[in-house]
Chemist: 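Encoded as structure tokens, here's the structure I'll be asking about.
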Amino acid sequence: MIVEAHKETLEFKAEVSQVLDLVIRSLYSNKEIFLRELVSNASDAAEKLRFEALSDDGLLENDPNLRIRVEVDKDAGTLTVSDNGIGMSRQEVTETIGSIASSGTRRFLEAMTGDQTKDSALIGQFGVGFYSSYIVADKVTILTRRAGLGAEHGVRWSSDGRGQYDIETLEVPARGTRVTLHLKEDEKDFLQPWRLRSIISKFSDHIALPVEMLKETYGEEKEGEEEAKTPEWERVNQGTALWMRNKADVTDEEYQEFYKHISHDFEEPLAWVHNRVEGTNEYSALLFIPKRAPWDLWDRDQKHGVKLYVRRVFIMDEAEKLMPHYLRFVKGVVDSDDLPLNVSREILQHNRKIDTIRGANVKRILGQLETMAKDEADKYREFWKEFGKVLKEGPGEDFPNRERIAGLIRFATTHTENDDQTESLDAYIERMKEGQDKIYYITADSPAAARHSPHLEVFRKKGVEVLLLSDRVDEWLVSSLTEYKGKHLQSVTKGDLDLGGLADKEEKEQLEKAAERHGDLLKRLKETLGDKVDQVRASTRLVDSPACLVVGEYDMSANLARVLKAVGQSAPTAKPTLEVNLDHLLVKRLESEQDAGRFGDLALILFDQAQLAEGGQLDDPAAFVGRLNKLMMNMMLAGA
């Protein structure tokens, strides 16, 4: 079959040109990185072929020995990295090389800061490592053919990185990919084999596939020897799977470089866990906690997880069954000796050995975080800033480890004046007042709204600490984490306020008597507000504010209802209870108002203010403004 050669010159999609400029500028001080990225990409391509060939060995095309080769042409000034891996079709080249990650490009640009150190880390997070080739090259050419397609389906892609690229279909006999860098004049040092060997040993020594270079010969050839010798390739890297080595024999630098290889991150990991399990279920695991959150951490379509190997053979990327969703930021490798080589995602869903590995992985990561929180507080604060919101998903997803995860969660509280999430539940319990048997919290849509809520007034008066929850995930957290170490978590905005041993009996008796004395006021307010409220009662929460709204003990909180509506979901409507502060001057003035119209306006203003104070939205803002203006005009006229 003959495929018509079709050549096009196309523009890079989105902001690729801008990304190229930023990548080159941010990495110019660490130019060697380009070779690590190209070798890592070649390794990934070979592993993908090995996996696909498990179900279709025809893809190997009688060439089963996978390898990566690095070669130079000093006369042409080129450096080539080639592999006999899966290769790419024309469409894959266009989608992969011509547009980067379309959804991530703009986010990458928005995240760039101008700080070279920080920006170089972002390049790894956003998966644009291929473009580091342009640090040392003024032109890059890719020759590739996807395994399983005929030789006539080969593709050549080339670009100088200045906004356009050429792509054409041509005959490529061998599967795989060749990336050729046309080096800049001042980068010809990378044509020295000793330099390339040094870089490969430094960054890619652990790659299981052989990374080969032409064997170098030294000394003069014998006189009369004119026959051209067959090129002899030799392996440059050790190729020992790092996770299979004894951890006592692995240096921190080797761990760090391996992490960068599997994650394509340019920063060192925050921590790692390495272990080997023997017995009925034998496996090795090497897991890393990154220093920075990836840009797609909250992308629900993006798969996360660790790499699964079976007896050193790569099986699948992002094997989500090996790590729960709330630990999706963990990177690493699990290598099992007991799973079948043809294991599928369906098999993973119902495999007891996988469940055992997963459970052990979770315990090790949680244990690592517990150690970090105890012994390296600054490092843990760094972790929490990046991944705290994700970890808050844990108690709802992982019931067996719910309390252990809860001990790792950090909160903003009224104990401190800032809004940083630095306080643990254990620290809260240590500071609990005598007679206090509950952990109190409030949810709101911002730290300021939580801290200044009227519901906290009685707690502030009694010196009782309250957790301030303002992340969207916090509503999910408290719905699943109802107690911690025997202490019930109690919302300060729900139901009758139960202060337990903190309650003052004398105050309670005085409030009950006051409620009886002002029963007519409470009744008038209920009649005026009608279906807007379930009931009106005297408040035990308020000290300085005239009124607040509370919902039933088992009703959905007003904050959760707002969160659901914000994402387009329906939320059940719960009638709130209006609590009024009978000692407040506004409430006393309201009680003395005899004019029914004015009483109605004041009552509605009081209700609307209570809604606004807890971050709610008014059904009729214009009516509220009209009543408020009318009230101010009457005051001005009365004072004139």
Side-chain angles (χ1 to χ4, degrees), residues 442-444 449 452-459 461 490-499 503-504 507-562 571-621 623-628 630-631:
I442 183 171
T443 58
H452 301 126
S453 171
H455 297 86
L456 301 187
E457 290 175 358
V458 70
F459 295 93
K461 177 183 176 182
Q490 175 66 49
S491 170
V492 302
T493 66
K494 286 187 173 186
D496 292 324
L497 182 61
D498 180 12
L499 293 175
D504 188 308
E507 285 182 0
K508 186 176 181 181
E509 291 174 359
Q510 289 178 353
L511 182 67
E512 290 174 351
K513 291 178 181 179
E516 290 179 10
R517 289 198 308 271
H518 299 281
D520 289 342
L521 170 64
L522 302 179
K523 183 179 179 181
R524 287 178 71 193
L525 282 170
K526 173 61 177 116
E527 291 173 349
T528 301
L529 297 174
D531 290 338
K532 290 181 179 292
V533 296
D534 181 54
Q535 60 176 309
V536 180
R537 67 187 180 208
S539 179
T540 57
R541 292 173 167 85
L542 301 173
V543 176
D544 302 314
S545 300
C548 69
L549 296 176
V550 298
V551 295
E553 181 70 31
Y554 303 105
D555 287 338
M556 178 181 292
S557 72
N559 184 63
L560 178 55
R562 289 192 295 272
T573 303
K575 286 185 182 179
T577 292
L578 178 68
E579 289 193 356
V580 294
N581 180 0
L582 296 174
D583 293 327
H584 199 279
L585 290 176
L586 285 178
V587 177
K588 291 180 178 180
R589 171 66 182 84
L590 180 63
E591 187 172 26
S592 65
E593 181 57 59
Q594 298 302 313
D595 183 276
R598 285 172 59 84
F599 183 90
D601 285 343
L602 291 170
L604 288 169
I605 288 174
L606 201 66
F607 176 78
D608 288 344
Q609 282 182 335
Q611 272 193 297
L612 291 173
E614 65 170 21
Q617 290 185 328
L618 303 181
D619 292 334
D620 191 350
F624 170 73
V625 173
R627 284 189 288 267
L628 198 58
K630 182 179 177 181
L631 176 64

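If you're wondering where the values come from, they're calculated on a predicted model, not measured in any experiment.
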Chemist: As a quick check of understanding, evaluate side-chain contact (heavy atoms from CB on, under 4.5 Å) for Thr577 and Val536, giving each step before the final call.
Modeler: CA-CA 6 Å; Thr577 292; Val536 180; over 6 Å; no
Chemist: Looking only at heavy atoms, which two atoms of Leu511 and Ala538 are closest? And how far apart?
Modeler: CD1-CB, 3.8 Å
Chemist: So, for Leu606 and Ala547, which heavy atoms are closest and what is the spacing to 0.1 Å?
Modeler: CG-CB, 3.8 Å
Chemist: Does a side-chain heavy-atom distance below 4.5 Å link Leu521 with Phe599?
Modeler: yes
Chemist: Does the side chain of Lys588 reach to within under 4.5 Å of the side chain of His584, using non-hydrogen atoms?
Modeler: no
Chemist: So, taking the atom named CG in Asp620 and the one named CG in Leu604, what distance separates them when rounded to the nearest 0.5 Å?
Modeler: 10.0 Å
Chemist: Measure the spacing between CG of Leu522 and CG of Leu582 and express it to the nearest 0.5 Å.
Modeler: 6.0 Å
Chemist: Which value, rounded to the nearest 0.5 Å, describes the distance between Glu507 atom CD and Leu499 atom CG?
Modeler: 9.5 Å
Chemist: Evaluate the criterion side-chain contact (heavy atoms from CB on, under 4.5 Å) for residue pair Leu578 and Val580; output intermediate values, then yes/no.
Modeler: CA-CA 6 Å; Leu578 178 68; Val580 294; 4.1 Å; yes
Chemist: Would you say Asp601 and Leu631 make side-chain contact, with heavy atoms under 4.5 Å?
Modeler: no
Chemist: Roughly how far, to the nearest 0.5 Å, is the CD atom of Glu553 from the OG atom of Ser491?
Modeler: 8.0 Å
Chemist: Check for a donor-acceptor pair, side chain of Ser592 on one end and backbone N or O of Arg589 on the other, with a separation under 3.5 Å.
Modeler: yes
Chemist: Going by heavy atoms in the side chains, are Met556 and Val551 under 4.5 Å from each other?
Modeler: no
Chemist: For the side chain of Arg537 and the backbone of Ala515, is there at least one donor-acceptor N/O pair under 3.5 Å apart?
Modeler: no
Chemist: What verdict does the side-chain contact (heavy atoms from CB on, under 4.5 Å) test give for His455 and Lys494, after you've listed the backbone C-alpha separation in whole Å, the side-chain angles of each residue and the deciding distance to 0.1 Å?
Modeler: CA-CA 10 Å; His455 297 86; Lys494 286 187 173 186; over 6 Å; no
Chemist: Between Ala603 and Thr528, which heavy-atom pair has the shortest distance, and what is it?
Modeler: CB-CG2, 4.0 Å
Chemist: Less than 4.5 Å apart, any side-chain heavy atom of Phe607 and any of Leu618?
Modeler: no
Chemist: How long is the span from the CD atom in Gln510 to the CG atom in Asp583, to the nearest 0.5 Å?
Modeler: 9.0 Å
Chemist: Any donor-acceptor pair under 3.5 Å linking the side-chain atoms of Ser453 with those of Glu614?
Modeler: no
Chemist: Determine whether Leu525 and Val533 make a side-chain contact, defined as any pair of heavy atoms from C-beta on separated by less than 4.5 Å.
Modeler: no
Chemist: Please report the shortest heavy-atom distance between Cys548 and Arg541, naming the atom on each side.
Modeler: SG-CD, 4.3 Å
Chemist: So does Glu593 pair up with Arg598, basic N to acidic O under 4.0 Å?
Modeler: yes
Chemist: Of the non-hydrogen atoms in Asn581 and Val543, which two are nearest, and what is the gap between them?
Modeler: ND2-O, 3.2 Å
Chemist: Return the minimal non-hydrogen interatomic distance between Leu549 and Ala610, and the atom names on each side.
Modeler: CG-CB, 3.8 Å
Chemist: Looking at CD of Glu509 and NZ of Lys513, how far apart are the two atoms once the value is rounded to the nearest 0.5 Å?
Modeler: 6.0 Å
Chemist: Once salt bridge (charged side-chain N to carboxylate O under 4.0 Å, His left out) is applied, what residue pairs with a partner in residues 518-536 remain, sequence neighbours excluded?
Modeler: Asp531-Lys575
Chemist: Would you confirm whether Glu579, through its side chain, and Val550, through its main-chain N or O, come within 3.5 Å as a donor-acceptor pair?
Modeler: no
